[in-house]
Amino acid sequence: MGRPRIVVLISGTGSNLQAVVDACAAGHIGADVVGVVSNDSDAYGLVRADAAGIDTRLVVAHADESRQAYDTRLADAVASFDPDWVLLAGWMRLLTMAFLDRFTGVVVNLHPALPGELPGTRSIERAWAEALAGDRSSSGVMVHLVPDEGVDDGPTLGSRVVPVDTSGTLEQFATDVHDAEHALLVEVLASLCAPTTTDQEGPPT
Ligand code: GRF
């Protein structure tokens with residue numbers, strides 16, 4: 001049995017993809033990123049994948065294409081890499097069961113907020129605004145499974161609190177959040193991909 005195979009879905013910068021690729025190369029994650037799939041041809045993460053020698057696929061939505069039809073094409077592209085884990089890292093489309101039913105129990109999402117808080121987009125900016133209003137003093141990041149079409153609300157695999165320092169800037173808070181994302185993502189994937197006793201080669205001792 002080879003090392004676990006991770007396929008990463010991206011829509012933009014790919015800083016989380018880079019963190020995972022670097023951690024696999026350094027041996028911090030006992031797995032390999034075998035494919036990167038994006039919905040956006042401008043995603044810089046595709047450049048990062050190319051630089052790392054990782055195969056990429058581009059799946060761009062067609063005009064008037066249903067979400068289910070798109071997700072079926074997307075699932076076909078992801079399945080072509082034979083993944084053990086499917087990581088949504090800076091992926092900006094909600095996935096339907098047309099995709100999720102193809103990868104039961106192995107789709108993992110990263111979200112820059114704590115479990116149960118600030119689902120959806122712009123959660124960093126919303127946490128900042130709430131802190132300025134005195135409604136919170138911290139936010140955080142989480143990694144969770146994606147069993148269904150719920151938005152950022154699947155079973156939590158890990159989370160980290162990130163303080164909001166309103167004496168600083170939104171840019172610094174966003175940097176703190178992204179740093180926490182990179183660290184948490186590596187930590188969770190290292191755990192998910194760690195060899196289990198049933199994976200060990202050879203007879204039981
Ligand atoms: C991250 O905060 C991610 O959680 C969100 O998009 C941001 C950029 O991610 N979905 P990346 O740099 O593209 O990995």
Side-chain angles (χ1 to χ4, degrees), residues 6-25 28-29 31 33 35-52 54 56-61 71 74 78 85-95 99-100 107-131 136 138-146 149-164 168-190 192:
I6 302 173
V7 171
V8 184
L9 276 60
I10 60 165
S11 297
T13 315
S15 67
N16 287 284
L17 164 67
Q18 191 67 60
V20 173
V21 168
D22 293 347
C24 291
H28 300 316
I29 299 174
V33 176
V36 172
V37 180
S38 182
N39 63 315
D40 185 339
S41 58
D42 293 332
Y44 186 70
L46 291 171
V47 173
R48 297 178 189 271
D50 289 342
I54 299 168
T56 61
R57 296 283 190 286
L58 182 60
V59 183
V60 178
D71 283 2
L74 180 70
V78 172
W85 295 100
V86 178
L87 172 62
L88 312 181
W91 175 255
M92 301 306 279
R93 282 182 61 105
L94 296 180
L95 295 170
F99 180 90
L100 297 171
V107 179
V108 174
N109 183 50
L110 167 70
H111 183 61
L114 289 175
E117 295 188 6
L118 301 164
T121 58
R122 299 180 54 74
S123 51
I124 295 173
E125 291 80 359
R126 286 186 282 149
W128 179 256
E130 289 180 5
R136 72 168 56 241
S138 63
S139 186
V141 299
M142 69 168 161
V143 177
H144 64 93
L145 291 170
V146 186
E149 297 184 12
V151 179
D152 300 323
D153 67 356
T156 301
L157 296 171
S159 65
R160 284 197 185 197
V161 173
V162 178
V164 187
T169 63
L170 168 58
E171 290 67 29
Q172 183 56 57
F173 172 58
T175 298
D176 295 346
V177 169
H178 294 315
D179 289 348
E181 284 185 307
H182 302 162
L184 178 66
L185 192 51
V186 169
E187 179 185 303
V188 168
L189 288 174
L192 288 177

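Numbering of ligands and ligand atoms starts at 1, following listing order. As the structure is a prediction and not an experimental result, all values here were calculated from the model.
- For atom 9 (O) of ligand 1, the closest non-hydrogen atom of the protein is Asn16 ND2, 3.4 Å.
- Within the 3.5 Å criterion, the main-chain N or O of Trp128 finds no donor-acceptor partner in the side chain of Arg136.
- Given atom 10 (N) of ligand 1, the protein heavy atom at minimum distance is Gly90 CA, 3.4 Å.
- A distance-only check finds no donor-acceptor pair linking the side chain of Ser123 to the backbone of Pro119 [under 3.5 Å].
- Here is the list of ligand 1 atoms found below 4.0 Å of a heavy atom in Thr13: 12 (O), 13 (O).
- Nearest to atom 4 (O) of ligand 1 among the protein's heavy atoms is Glu181 OE2, 2.5 Å.
- No donor-acceptor pair under 3.5 Å is formed between the side chain of His178 and the backbone N or O of Ser15.
- A donor-acceptor pair under 3.5 Å is formed between the side chain of Ser38 and the backbone N or O of Ile10.
- Checked for salt-bridge contact, Arg160 and Glu187 meet the test: a charged N lies under 4.0 Å from a carboxylate O.
- Using a 4.0 Å cutoff on heavy atoms, Gly14 counts as a contact of ligand 1.
- Regarding atom 7 (C) of ligand 1, its nearest protein heavy-atom neighbour is His178 CE1, 4.0 Å.
- Protein heavy atom nearest atom 12 (O) of ligand 1, with residue, atom name and distance: Ser15 OG, 2.6 Å.
- The backbone N or O of Leu95 lies less than 3.5 Å from no partner atom in the side chain of Asp71, so there is not a single donor-acceptor pair.
- Ligand 1 has Met92 within reach: a non-hydrogen atom of the residue lies less than 4.0 Å from it.
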